[in-house]
Enquirer: 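First the structure, then my questions, so here it is.
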Amino acid sequence: MNRCWSLMLVAMVATTACGPHQGPPGQPSADSQRIAPSKILDFALLYGRNCAGCHGQNGNGGAAIGLADPVFLAVADDAVITRVTADGVPRTAMPAFAQRSGGVLTDDQISVIVRGIRSHWAKPGVLRGTVPPPYRASQSGDAQRGAGVYGKFCSSCHGPDGSGGVRPGSIVDGTYLGLVSDQGLRTTVIVGRPDLNAPDWRGDVPGTAMLPQDIADVMAWLTAQRPAFPGQPYSSAHIRGGVR
């Protein structure tokens, strides 16, 4: 009797394991098929795998600016974020993610990321009553005037020559300037780095916001500090002399 019950139990288990939802032996069921990477359209998954390493798990910044900054999202429109995500920024740490540019993401996936950034972190009206400086430079700057602008708005944190203060690091370091684009510098001047307690263009001097011309001038001063060969540890004279 016990042997009969054992055989019946084995048969029931076998029938359950090979129910109608299962395919032929060795073939996974339809509901266990893997989704192709190009078909993933979940914002959290796409952002986590492609953006969080530099921009922070919650968009709060890291090696790169925080994308959860509503001031940044008020200054940079979707076209800007899409273009930078798709094509990257040459000669910086920002890679191209679009497949057409050598990346791994489809246009639809990039659209999901951009819409997700906007819907999760933008705050409409955050700059209501304020006209921010344009994202892109609309006027040329003067490095000599920029030195004075730097002294007024930036030196209290970054030191009199830009080489660093009590907490902020150097903003004239050749390696740093070699890894950041002109637009990246401009964006940081405008929107700040909340994750590093760096204020936006309105907060460097209480009650006095930087004007667009101020930003253009300090940008001219900053870019003038960039060495001709960023990251090169030897002087050009040593290189000419054959010292490596």
Side-chain angles (χ1 to χ4, degrees), residues 28 30-138 176 179-203 209 212 215 219:
D31 60 0
S32 68
Q33 296 292 326
R34 294 184 62 188
I35 299 175
S38 63
K39 300 299 182 183
I40 296 173
L41 296 174
D42 177 75
F43 168 70
L45 188 57
L46 290 171
Y47 179 87
R49 288 185 174 181
N50 298 283
C51 314
C54 290
H55 295 284
Q57 188 62 45
N58 297 308
N60 53 6
I65 64 170
L67 299 176
D69 178 6
V71 174
F72 167 73
L73 294 175
V75 173
D77 60 23
D78 287 354
V80 164
I81 301 173
T82 298
R83 175 178 52 78
V84 172
T85 304
D87 302 326
V89 181
R91 297 181 297 278
T92 74
M94 177 63 191
F97 283 95
Q99 290 179 350
R100 67 175 184 274
S101 299
V104 298
L105 300 180
T106 66
D107 290 346
D108 287 343
Q109 289 175 318
I110 291 174
S111 294
V112 167
I113 290 174
V114 175
R115 289 197 304 269
I117 289 171
R118 184 74 60 187
S119 64
H120 281 73
W121 298 318
K123 293 181 180 178
V126 68
L127 296 181
R128 185 175 290 116
T130 301
V131 179
Y135 174 80
R136 287 186 176 279
S138 58
Y176 166 69
L179 291 172
V180 63
S181 67
D182 289 359
Q183 181 60 58
L185 285 170
R186 178 179 175 85
T187 301
T188 301
V189 171
I190 296 173
V191 306
R193 284 291 301 262
D195 55 312
L196 301 177
N197 296 316
D200 62 37
W201 86 100
R202 301 166 295 179
I215 294 171
M219 277 296 304

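Everything numeric in this text was worked out from a predicted model, so none of it was measured.
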Enquirer: Look only at the side chain of Thr92 and the backbone of Met94, and say whether a donor-acceptor pair between them is shorter than 3.5 Å.
Expert: yes
Enquirer: Taking all non-hydrogen atoms of both residues into account, name the closest pair between Val112 and Leu41 and its distance.
Expert: CG1-O, 3.6 Å
Enquirer: Where the side chain of Arg186 meets the backbone of Met219, is there a donor-acceptor pair that is under 3.5 Å apart?
Expert: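 No, because the side chain of Arg186 does not come within donor-acceptor range (under 3.5 Å) of the backbone of Met219.
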Enquirer: Evaluate the criterion side-chain contact (heavy atoms from CB on, under 4.5 Å) for residue pair Val89 and Gln183; output intermediate values, then yes/no.
Expert: CA-CA 10 Å; Val89 181; Gln183 181 60 58; over 6 Å; no
Enquirer: Identify each donor-acceptor pair in which a side-chain atom of residues 60-70 lies under 3.5 Å from a protein atom, sequence neighbours left out, and give them as a table.
Expert:
from, atom 1, to, atom 2, distance (Å)
Asp69, OD1, Val71, N, 3.0

Enquirer: What are the two closest non-hydrogen atoms of Val75 and Tyr135, and how far apart are they?
Expert: O-CB, 3.7 Å
Enquirer: Which heavy-atom pair separates Leu127 from Ala74 by the least distance, and what is that distance?
Expert: CD1-CB, 3.7 Å
Enquirer: Is there side-chain contact between Val104 and Pro37, with heavy atoms separated by less than 4.5 Å?
Expert: no
Enquirer: Do the non-hydrogen side-chain atoms of Phe72 and Thr188 ever get within less than 4.5 Å of each other?
Expert: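 When only atoms from C-beta onward are counted, Thr188 and Phe72 do not touch, as no gap falls below 4.5 Å.
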Enquirer: Between the main-chain N or O of Asp42 and the side-chain N or O of Gln109, is there a donor-acceptor pair closer than 3.5 Å?
Expert: no
Enquirer: Write down the atom of Trp201, the atom of Pro133, and the distance for their closest heavy-atom approach.
Expert: CE2-CD, 3.4 Å
Enquirer: Please check if the side chain of Gln99 supplies one atom and the backbone of Ser38 the other of a donor-acceptor pair under 3.5 Å.
Expert: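 No, the answer is negative, given that no donor and acceptor are paired below the 3.5 Å cut-off.
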Enquirer: With a cut-off of 6.0 Å (strictly less than), are more than 12 heavy atoms of other residues, nucleotides or ligands near CZ of Arg91?
Expert: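 No, because the 6.0 Å sphere around CZ of Arg91 holds 12 heavy atoms or fewer from other groups.
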Enquirer: Looking only at heavy atoms, which two atoms of Arg49 and Ile40 are closest? And how far apart?
Expert: NH1-CD1, 3.8 Å
Enquirer: Which pair of heavy atoms, one from Ala86 and one from Ala96, lies closest together, and at what distance?
Expert: O-CB, 3.4 Å
Enquirer: Evaluate the side-chain proximity of Thr106 to Phe97: yes if any heavy-atom separation is below 4.5 Å, no if none is.
Expert: no
Enquirer: If I take atom OG from residue Ser138 and atom CD1 from residue Ile215, how far apart are they, to the nearest 0.5 angstrom?
Expert: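 If we round to the nearest 0.5 Å, Ser138:OG and Ile215:CD1 are 9.5 Å apart.
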Enquirer: Would you mind checking if Arg100 and Asp87 are paired as a salt bridge, meaning a charged N to carboxylate O distance below 4.0 Å?
Expert: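 A salt bridge links Asp87 with Arg100.
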Enquirer: Please confirm whether the backbone N or O of Gly116 pairs with a side-chain atom of His120, one donor and one acceptor, at under 3.5 Å?
Expert: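 Side chain of His120 to backbone of Gly116, a donor-acceptor pair under 3.5 Å: yes, one is there.
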Enquirer: Any heavy-atom pair between the side chains of Asp200 and Ile190 that's under 4.5 Å?
Expert: no
Enquirer: Going through the distances and angles, do Cys51 and Ile113 end up as a side-chain contact (heavy atoms from CB on, under 4.5 Å)?
Expert: CA-CA 9 Å; Cys51 314; Ile113 290 174; 4.2 Å; yes
